[in-house]
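Only heavy atoms go into these numbers, but all of them, side chains included; no hydrogens, no water, no symmetry mates. Because the structure is predicted, anything quoted here is derived from the model rather than measured. So that the names make sense, note that chain A is the first sequence line, chain B the second, and so on, each numbered from 1.
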Number of protein chains: 2
Amino acid sequence: MATEKTASPKGMTSSSSSLHESVRAEISKRIENGFYKPGDAIASTAQMSEELGVSAITVKRAVRDLQSAGVLESVPGKGTFVKEKRRFIRELDVWMSSMDNARRLGFEPRMELVSITKERIADPTLALFGPPDNVYLCVRKIIYADGQPIMYDAAYVPTSVPDEIVDEFGEHFIVTALNRHDVAVKDMSLVIDAAPASSGAQKIFAIPNTYPMLRRLYHISTETPGIDVFGVVESPFDRLACSINLSKEAISRMEKK
Amino acid sequence: MATEKTASPKGMTSSSSSLHESVRAEISKRIENGFYKPGDAIASTAQMSEELGVSAITVKRAVRDLQSAGVLESVPGKGTFVKEKRRFIRELDVWMSSMDNARRLGFEPRMELVSITKERIADPTLALFGPPDNVYLCVRKIIYADGQPIMYDAAYVPTSVPDEIVDEFGEHFIVTALNRHDVAVKDMSLVIDAAPASSGAQKIFAIPNTYPMLRRLYHISTETPGIDVFGVVESPFDRLACSINLSKEAISRMEKK
DNA sequence: GAGTGGTCTAGACCACCCT
DNA sequence: GGGTGGTCTAGACCACTCC
């Protein structure tokens with residue numbers, strides 16, 4: 001079958017080797033051109049299949065890859081839409097909470113407590129910080145900016161932390177809540193990486209497949225013996241970036257070497 | 001067709017809704033169990049298709065998702081293999097070059113100059129730093145750790161930089177080369193995010209589809225007027241992470257607020 | 001009911017690798 | 001030649017939404 005074999009079906013630039021790549025490029029081009037604007041629905045699979053002269057499955061393949069790339073979003077029964085691209089930048093150097101950070105950038109932040117449970121640290125990547133193998137209070141929360149979920153935070157705090165402080169975890173960031181009760185933060189280690197979404201994050205952010213999230217692993221140590229906090233923050237990579245400024249002082253350390 | 005409809009074909013845990021997710025989970029389970037070890041070839045599509053009682057396409061779908069997740073790697077004509085998981089951690093706080101950083105962590109680093117061309121800054125994300133719209137020298141290089149490519153660096157340096165310094169870009173990091181010629185670095189801004197691989201990075205790292213890379217955008221400003229460097233480093237997210245330590249001094253700034 | 005995307009299948013062709 | 005993965009197709013069913 002497949003009798004006619006046109007090199008480049010219906011006016012697509014056949015720059016790529018495979019057909020689904022060409023289709024993907026065509027859709028991307030239309031978005032860049034402004035033919036499809038953010039929020040718009042693109043042509044349906046059936047339409048585009050006929051229009052470009054390729055099979056419906058090939059169109060679906062291209063669309064799925066663009067979903068993964070954070071460009072498109074499909075709603076079953078409705079259509080496939082061009083995602084709004086607005087990205088939140090978390091400034092790590094200014095050292096303020098994400099909430100303050102958001103406000104400064106003109107976002108309307110909101111925090112939602114998901115659960116407080118007693119758990120051991122499950123995430124093997126947190127082993128990087130060498131946390132004691134205890135049972136912790138695991139505080140999970142979602143941070144929104146302008147209604148969009150941008151972070152999913154799982155913090156492991158020692159069970160020895162008094163209830164007055166725990167009660168504030170729903171409204172405040174961990175560090176803020178600790179500070180308000182005179183538990184001074186001594187030091188904070190961060191590891192930034194990307195990894196497939198946890199099951200919790202998959203539900204919250206509606207991640208289509210095992211797609212990587214931008215992740216911040218943290219270890220907060222305090223002046224109070226026995227109070228160390230470990231945690232993971234996951235964010236969709238198209239909605240968050242981190243910024244840092246390394247000042248002259250830090251650089252001078254290098255020059256001395 | 002598809003007459004028999006077993007809920008959970010051939011002893012897979014049907015924890016997921018869709019079939020390809022179950023297949024994916026099954027493969028992941030076998031890797032966790034140690035049934036498939038790093039470097040091993042997994043069962044071929046045809047074998048697994050029969051073994052699990054699902055169509056070959058569904059197996060391929062599951063394998064493709066695991067490729068994207070950085071778990072599997074397929075070599076056409078040979079088979080599909082479990083990737084070795086060894087990750088390089090770039091310490092940003094210590095403020096040393098990636099080469100020194102690598103040696104300290106027991107990696108054997110190597111740098112390979114790809115090209116030095118005259119270009120304007122193409123990457124729109126670098127606009128974040130507000131670079132002047134000039135023609136720059138674009139220095140592209142690959143950094144390897146133990147033979148594995150872990151970074152793809154594209155640096156834009158002003159054309160006014162003397163040739164003696166440019167000649168050293170092939171062997172040294174930008175900052176190191178500048179320092180060696182008394183161009184002192186004043187300040188460095190970093191943005192860490194994840195984004196689909198550039199075309200160059202796709203080739204170097206053999207990225208299957210438009211899969212996101214961990215990215216570091218940088219802006220280096222120097223004491224010498226007119227010498228500012230902008231750049232992008234891309235890394236496969238399963239091969240690199242960044243670490244930072246925020247010391248007590250940085251935190252004290254917050255407490256004062 | 002008509003249209004949408006999501007899933008699954010069977011079958012085919014190709015390029016590649018190994019023996 | 002026989003195996004592998006990669007691609008493409010046609011056709012089907014489902015759940016969903018909107019009219």
Side-chain angles (χ1 to χ4, degrees), chain A residues 1-10 12 14 16-25 27 40-68 72-83 206-209, chain B residues 1-10 12 14 16-25 27 40-68 71-83 202 206-211:
Chain A
M1 328 313 156
T3 47
E4 344 183 40
K5 183 72 179 181
T6 35
S8 173
K10 307 280 168 71
M12 278 191 296
S14 72
S16 312
S17 46
S18 54
L19 205 44
H20 70 264
E21 280 179 18
S22 306
V23 174
R24 195 209 303 156
I27 299 173
D40 280 4
I42 70 170
S44 76
T45 306
Q47 277 171 17
M48 200 168 289
S49 163
E50 195 184 0
E51 188 184 346
L52 301 179
V54 299
S55 106
I57 283 200
T58 304
V59 174
K60 286 180 183 186
R61 164 72 190 265
V63 167
R64 203 160 64 82
D65 285 346
L66 285 171
Q67 285 171 26
S68 301
L72 296 178
E73 192 171 22
S74 292
V75 183
K78 293 192 72 175
T80 299
F81 304 86
V82 180
K83 277 178 99 174
I207 303 294
N209 42 19
Chain B
M1 328 318 155
T3 47
E4 346 184 38
K5 182 72 180 181
T6 34
S8 174
K10 308 280 168 71
M12 280 191 294
S14 72
S16 312
S17 45
S18 53
L19 205 42
H20 69 263
E21 279 179 19
S22 306
V23 175
R24 196 208 304 157
I27 299 172
D40 280 3
I42 69 170
S44 75
T45 307
Q47 277 171 17
M48 199 167 289
S49 162
E50 194 183 3
E51 189 184 345
L52 300 179
V54 300
S55 109
I57 282 199
T58 304
V59 174
K60 287 181 182 185
R61 164 71 191 265
V63 167
R64 202 159 64 81
D65 284 347
L66 286 172
Q67 285 171 25
S68 301
V71 175
L72 297 178
E73 191 171 22
S74 292
V75 183
K78 293 190 71 174
T80 299
F81 303 87
V82 180
K83 278 177 97 174
Q202 265 178 24
I207 303 294
N209 42 21
T210 14
Y211 220 65

Check: Between atom CZ in A/Arg64 and atom C1' in C/dG5, what is the gap in whole Å?
Finding: 13 Å

Item checked: Residues which pass side chain to side chain contact (heavy atoms under 4.5 Å, CB included) with A/Ala46, listed by chain and number, not counting sequence neighbours -> A/Ser44

Notebook entry, point to check: With sequence neighbours left out, what residues match A/Ser74 under side-chain hydrogen bond (donor to acceptor under 3.5 Å, both in side chains)?
Noted result: A/Gln67, A/Thr80

Item checked: Separation of C/dG5 C1' from A/Ile27 CD1 (nearest whole Å) -> 13 Å

Margin query: In this structure, how many angstroms lie between the C1' atom of C/dT7 and the CG atom of B/Asp65, rounded?
Written below: 13 Å

Give each protein N/O atom lying under 3.5 Å from an N/O atom of nucleotides 4-6 of chain D, with the pair distance.
from: D/dT4; atom 1: OP1; to: B/Ser44; atom 2: OG; distance (Å): 2.9
from: D/dT4; atom 1: O2; to: B/Gly77; atom 2: N; distance (Å): 3.2
from: D/dG5; atom 1: OP2; to: B/Thr45; atom 2: N; distance (Å): 3.0
from: D/dG5; atom 1: OP2; to: B/Thr45; atom 2: OG1; distance (Å): 3.1
from: D/dG6; atom 1: N7; to: B/Lys60; atom 2: NZ; distance (Å): 3.2

Item checked: Distance, rounded to the nearest Å, where A/Glu73 contributes CD and C/dG5 contributes P -> 14 Å

Notebook entry, point to check: Whole Å only: how far is the CG atom of A/Leu19 from the C1' atom of C/dC14?
Noted result: 14 Å

Notebook entry, point to check: OG/B/Ser55 to CZ/B/Arg61 distance, rounded to the nearest 0.5 angstrom?
Noted result: 12.0 Å

Note to self: How many whole angstroms separate atom CG of B/Leu52 from atom P of C/dT9?
What the structure shows: 11 Å

Next item on the list: Could I get the full list of side chain to side chain contact (heavy atoms under 4.5 Å, CB included) partners for B/Val82, not counting sequence neighbours?
Entry: B/Ile31, B/Tyr36, B/Ile42, B/Leu72

Item checked: B/Glu50 CD - C/dA10 P separation (whole Å) -> 12 Å

Next item on the list: List for me each residue that meets salt bridge (Lys or Arg N to Asp or Glu O under 4.0 Å) alongside A/Lys60, sequence neighbours excluded, and say none if there are none.
Entry: none

Checklist line | Any A/Thr58 side-chain N or O less than 4.0 Å from OP1/OP2 of D/dT9 | finding: yes

Check: With side chains defined as the heavy atoms from C-beta onward, is the minimum distance between B/Val63 and B/Met48 less than 4.5 Å?
Finding: no

Notebook entry, point to check: Can you check the A/Ile57 CD1 to C/dG5 C1' distance for me, whole Å?
Noted result: 13 Å

